[in-house]
Amino acid sequence: MAQPDDMFGDEDYPAYTMGRAAEIVGTSQGFLRRLDELKLITPHRSGGGHRRYSRYQLRLAARARDMVDEGTAVEAACRIIILEDQLEEALRINAARDTT
């Protein structure tokens, strides 16, 4: 298991409870559950089954909330964000291949 100092710098460490995550993102817990249903974010589950969110997942949720606030349907916002992240990853892989 990672040491506490290591976890604070880890973007993927599930440090936030659902209530705190909703507060940080400025949305409802139901909205976060909906993002899970739509496969935008899959929170870690604690031993007791409670959802835990990472900073990376909170950034995705905030992007979705912003798009929904601007009038985009939540389903479309999630799909757009997923495709943007896939494109970013593909570009990163291609850039790495170009340097070898």
Could you work out, with side chain to side chain donor-acceptor pair (under 3.5 Å) as the rule, every residue matching [X], not counting sequence neighbours?
X: Arg63; result: Glu84, Asp85
X: Arg20; result: Glu23
X: Glu70; result: none

Under the rule for salt bridge (charged side-chain N to carboxylate O under 4.0 Å, His left out), what residues qualify as partners of [X], not counting sequence neighbours?
X: Asp69; result: Arg65
X: Asp66; result: none
X: Arg79; result: none

Counterpart residues, side-chain contact (heavy atoms from CB on, under 4.5 Å), relative to His50 (two or more places apart)
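With sequence neighbours excluded, His50 shows a side-chain contact (heavy atoms from CB on, under 4.5 Å) to Ser46, given in chain and number order.
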
Which residues pass the side-chain contact (heavy atoms from CB on, under 4.5 Å) test with Ala76, not counting sequence neighbours?
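Checked Ala76 against side-chain contact (heavy atoms from CB on, under 4.5 Å); matches are Thr72, Ala73.
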
Report the distance from atom [atom1] of [X] to atom [atom2] of [Y], rounding to the nearest 0.5 Å.
X: Leu60; Y: Ser54; atom1: CG; atom2: OG; value: 8.0 Å
X: Leu32; Y: Ile24; atom1: CG; atom2: CD1; value: 10.0 Å
X: Arg55; Y: Tyr16; atom1: CZ; atom2: OH; value: 5.5 Å

Nearest heavy-atom pair of [X] and [Y]: which atoms, and what distance?
X: Ser28; Y: Ala22; result: C-CB, 3.9 Å
X: Phe31; Y: Ala61; result: CE2-O, 4.0 Å
X: Arg52; Y: Pro43; result: O-CB, 3.4 Å

What side-chain donor-acceptor pairs closer than 3.5 Å can you find for residues 33-40, not counting sequence neighbours?
from  : atom 1 : to    : atom 2 : distance (Å)
Arg33 : NH1    : Gln29 : O      : 2.9
Arg34 : NH1    : Glu37 : OE1    : 3.1
Arg34 : NH2    : Glu75 : OE2    : 2.6

Taking the hydrophobic residues Ile, Leu, Val, Met, Phe, Trp and Tyr, and joining any pair whose side-chain heavy atoms are under 4.5 Å apart, which ones share a cluster with Leu87?
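Leu91, listed by chain and number.
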
Heavy-atom check, side chain of Thr17 versus side chain of Arg51, under 4.5 Å:
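The answer is no, as the side chains (C-beta and beyond) never meet within the 4.5 Å cut-off.
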
So Ile41 and Tyr56, side chain to side chain contact (heavy atoms under 4.5 Å, CB included) or not? Walk me through it.
CA-CA 9 Å; Ile41 54 177; Tyr56 174 73; over 6 Å; no

